[in-house]
Student: 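Can you read through this structure? Questions will come right after.
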2 protein chains.
Amino acid sequence: MHSPTELAEKFREKQLKLTPQRQLLFGLLHQNDSHPSAESLFEVASKQMPGISLRTVYQTLGELAEMGELQLVDVGTGAKRFDPNMTDHHHFVCESCGAVRDVEIAAKPKMRGGSGKFVISQVGVVFHGRCENCVPTAKRSPAQQAKK
Amino acid sequence: MHSPTELAEKFREKQLKLTPQRQLLFGLLHQNDSHPSAESLFEVASKQMPGISLRTVYQTLGELAEMGELQLVDVGTGAKRFDPNMTDHHHFVCESCGAVRDVEIAAKPKMRGGSGKFVISQVGVVFHGRCENCVPTAKRSPAQQAKK
DNA sequence: TGTTAATTAGCAAGGGTTGCGAACTAGATG
DNA sequence: CATCTAGTTCGCAACCCTTGCTAATTAACA
Ligand SMILES: [Mn+2]
Ligand SMILES: [Mn+2]
Ligand SMILES: [Zn+2]
Ligand SMILES: [Zn+2]
């Protein structure tokens with residue numbers, strides 16, 4: 001995702017208004033690698049701007065996604081996650097606390113057995129497991145980070 | 001998934017009743033590689049057993065999944081898909097018609113960069129694209145198979 | 001400062017799934 | 001075959017996540 005300033009630029013060009021809500025969300029998403037859900041973003045946003053609506057969060061996230069500024073990641077834990085990291089990477093999901101981490105890929109997976117029958121436009125790889133805070137040996141209670 | 005007969009056996013052992021609904025579903029799922037959703041299975045089942053409830057379909061699918069007889073596949077298209085194929089394989093999703101196909105894996109993906117911090121219990125790979133019925137060159141309308 | 005198109009926020013509604021409970025039944029027992 | 005009962009089914013309400021709709025609000029610009 002581009003920086004808040006660059007996003008502001010882009011929005012203006014498309015005659016989209018630079019509202020306080022959008023500016024706040026731009027800031028919250030910038031370099032955010034926590035893969036927040038709309039709901040969790042909403043909670044954080046609400047602290048800085050009480051009264052902001054969940055609807056607006058969804059709306060803004062949707063716009064940014066459409067503009068190719070962030071990707072929607074569905075890791076199968078209910079709510080979709082939003083990821084400003086548009087580089088080619090995959091995800092690890094802690095099945096205990098729900099945390100989502102980036103997994104860099106060494107080499108692009110190659111299609112095998114498809115023999116040219118399909119047209120692949122996107123490959124999503126999701127690793128499910130337990131993060132370091134949640135491996136059984138670690139007794140501490142799972143950090144319920146970014147769960148909802 | 002085991003054969004309907006073997007499943008009947010397993011169910012009896014666990015003092016689970018061998019109801020007509022379950023028998024029907026065992027049969028419909030056996031060697032079914034269409035990755036049906038609960039809803040689509042329900043539709044097919046309803047033809048052979050009018051009156052069967054969607055609730056029962058969900059229930060039975062849940063039981064089979066718990067018994068390790070089938071896996072739930074979430075390909076991010078809304079409803080979860082159910083897959084009696086328990087071998088290690090991945091999935092291709094046609095973004096036009098929603099069809100889900102198996103993709104055999106030549107080699108298991110290796111974790112890299114994780115450096116032993118995580119414990120991986122499952123890896124899901126989903127290829128999104130267009131199936132042979134839906135590639136742009138093919139003018140025929142997308143077969144809306146197994147969509148819902 | 002006024003105008004207006006874009007945006008917001010709230011609420012209803014939608015799709016998918018699960019909890020609950022009353023009615024029903026497979027299977028065991030005599 | 002009649003009885004019994006734990007397990008099952010089914011319908012409905014409720015749940016979560018997300019989107020449609022719309023009246024009220026506001027950023028942007030003349
Ligand atoms: Mn990511
Ligand atoms: Mn499969
Ligand atoms: Zn964790
Ligand atoms: Zn297709």
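Given the structure is predicted, the values throughout are model-derived calculations rather than measurements. So that the names make sense, note that chain A is the first sequence line, chain B the second, and so on, each numbered from 1.
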Student: If you check the A/K80 side chain, which of D/dT18, C/dA9, D/dG7 turns out closest?
Tutor: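 Per side-chain heavy atoms of A/K80, the pick is D/dT18.
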Student: Quick check: on DNA chain C, is the nucleotide nearest B/P20 upstream (toward 5') of the one nearest A/I52, or the reverse? Name the residue that is more 5'.
Tutor: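 Upstream on the strand: A/I52.
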Student: Counting only side-chain nitrogens and oxygens, does A/T56 get under 4.0 Å of the OP1 or OP2 atom of C/dA9?
Tutor: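 Result: yes.
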Student: Give the rounded distance in Å between these two atoms: CD of B/E43 and P of C/dG16.
Tutor: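 Atom-to-atom, B/E43 to C/dG16, this comes out as 11 Å.
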Student: What nucleic acid atoms does A/G51 come within less than 4.0 Å of, heavy atoms only: base, sugar-phosphate, or nothing?
Tutor: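 The residue A/G51 makes sugar-phosphate contact but no base contact.
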Student: Any side-chain N or O of A/Q15 less than 4.0 Å from the OP1 or OP2 oxygen of D/dA27?
Tutor: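 Answer no for this pair, as no side-chain N or O of A/Q15 is under 4.0 Å from OP1 or OP2.
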Student: Could you go through B/E13 and B/K10, starting from their C-alpha distance and side-chain angles, then the distance that decides it, and tell me whether this counts as salt bridge (charged side-chain N to carboxylate O under 4.0 Å, His left out)?
Tutor: CA-CA 5 Å; B/E13 282 169 21; B/K10 281 204 166 189; over 6 Å; no
Student: I need the CG-P distance between B/D74 and C/dG15, as an integer number of Å.
Tutor: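 Spelled out: CG on B/D74 to P on C/dG15 is 18 Å.
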Student: I want to verify a distance call: between D/dC10, C/dG16, D/dC17, whose nearest atom is closest to the A/A79 side chain?
Tutor: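 When the side chain of A/A79 is considered, D/dC17 is the closest of D/dC10, C/dG16, D/dC17.
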Student: Rounded to whole angstrom units, what separation is found between the CZ atom of B/R81 and the C1' atom of C/dG16?
Tutor: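 For the pair B/R81 CZ and C/dG16 C1', the rounded distance is 13 Å.
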Student: Can you tell me the distance, in whole Å, between the CZ atom of A/R55 and the C1' atom of C/dG14?
Tutor: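 So the CZ-C1' distance, A/R55 to C/dG14, works out to 13 Å.
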Student: Going by side-chain contact (heavy atoms from CB on, under 4.5 Å), A/F42 matches just one of A/L61, A/L54, A/L28, A/T56. Which one?
Tutor: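 Only one of A/L61, A/L54, A/L28, A/T56 forms a side-chain contact (heavy atoms from CB on, under 4.5 Å) with A/F42, namely A/L54.
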Student: Has the side chain of B/R12 got a donor or acceptor that lies under 3.5 Å from a partner of the other kind on the base of C/dG27?
Tutor: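 Side chain to base: no pair below 3.5 Å.
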Student: Roughly how many Å is it from CD in B/E63 to C1' in C/dT18, rounded to a whole number?
Tutor: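 Atom CD in B/E63 sits about 14 Å away from atom C1' in C/dT18.
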Student: Examine C/dA6: is either OP1 or OP2 under 4.0 Å from a nitrogen or oxygen in the side chain of A/Q59? Give yes or no.
Tutor: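 So the side-chain polar atoms of A/Q59 never come under 4.0 Å of the phosphate oxygens OP1 or OP2 of C/dA6.
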Student: Looking at NZ of B/K14 and CG of B/L16, how far apart are the two atoms once the value is rounded to the nearest 0.5 Å?
Tutor: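 Reported to 0.5 Å precision, the distance equals 7.0 Å.
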Student: Let me know the distance between CG of A/L54 and C1' of D/dG20, rounded to the nearest Å.
Tutor: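 Atom CG in A/L54 sits about 14 Å away from atom C1' in D/dG20.
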Student: How close or far is atom P of D/dA27 from atom CD of A/Q21, stated in whole angstroms?
Tutor: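 Rounded to whole Å, this separation is 8 Å.
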Student: Does a side-chain N or O of B/T19 approach OP1 or OP2 of C/dT25 to a distance below 4.0 Å, or not?
Tutor: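 Looking at the OP1 and OP2 atoms of C/dT25, neither is under 4.0 Å from any side-chain N or O of B/T19.
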Student: Does B/A38 or B/L18 map to a spot on DNA chain C nearer the 5' end, using the closest nucleotide for each?
Tutor: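 Result of the comparison: B/A38.
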Student: For the residue pair B/R22 and B/E63, establish whether any side-chain heavy-atom pair is separated by less than 4.5 Å.
Tutor: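 The answer is yes, as the side chains (C-beta and beyond) meet within the 4.5 Å cut-off.
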Student: With respect to the phosphate group of C/dT18, does any side-chain polar atom (N or O) of B/Y58 fall under 4.0 Å of OP1 or OP2?
Tutor: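 For C/dT18, neither OP1 nor OP2 has a side-chain N or O of B/Y58 closer than 4.0 Å.
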Student: Test for a donor-acceptor pair under 3.5 Å between the base of C/dT25 and the side chain of B/K17, counting only N and O atoms.
Tutor: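 Under the 3.5 Å cut-off, the side chain and the base do form a donor-acceptor pair.
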Student: Do B/H35 and B/N85 have a side chain donor and acceptor closer than 3.5 Å?
Tutor: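 Distance-only check fails for B/H35 and B/N85.
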Student: Once you round it to whole Å, what is the distance between C1' of C/dA6 and CD of A/E13?
Tutor: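 Nearest whole value for this atom pair: 17 Å.
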Student: Check this one for me: any side-chain N or O of B/R22 less than 4.0 Å away from OP1 or OP2 of D/dT8?
Tutor: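 Checking D/dT8 against B/R22, a side-chain N or O does come within under 4.0 Å of OP1 or OP2.
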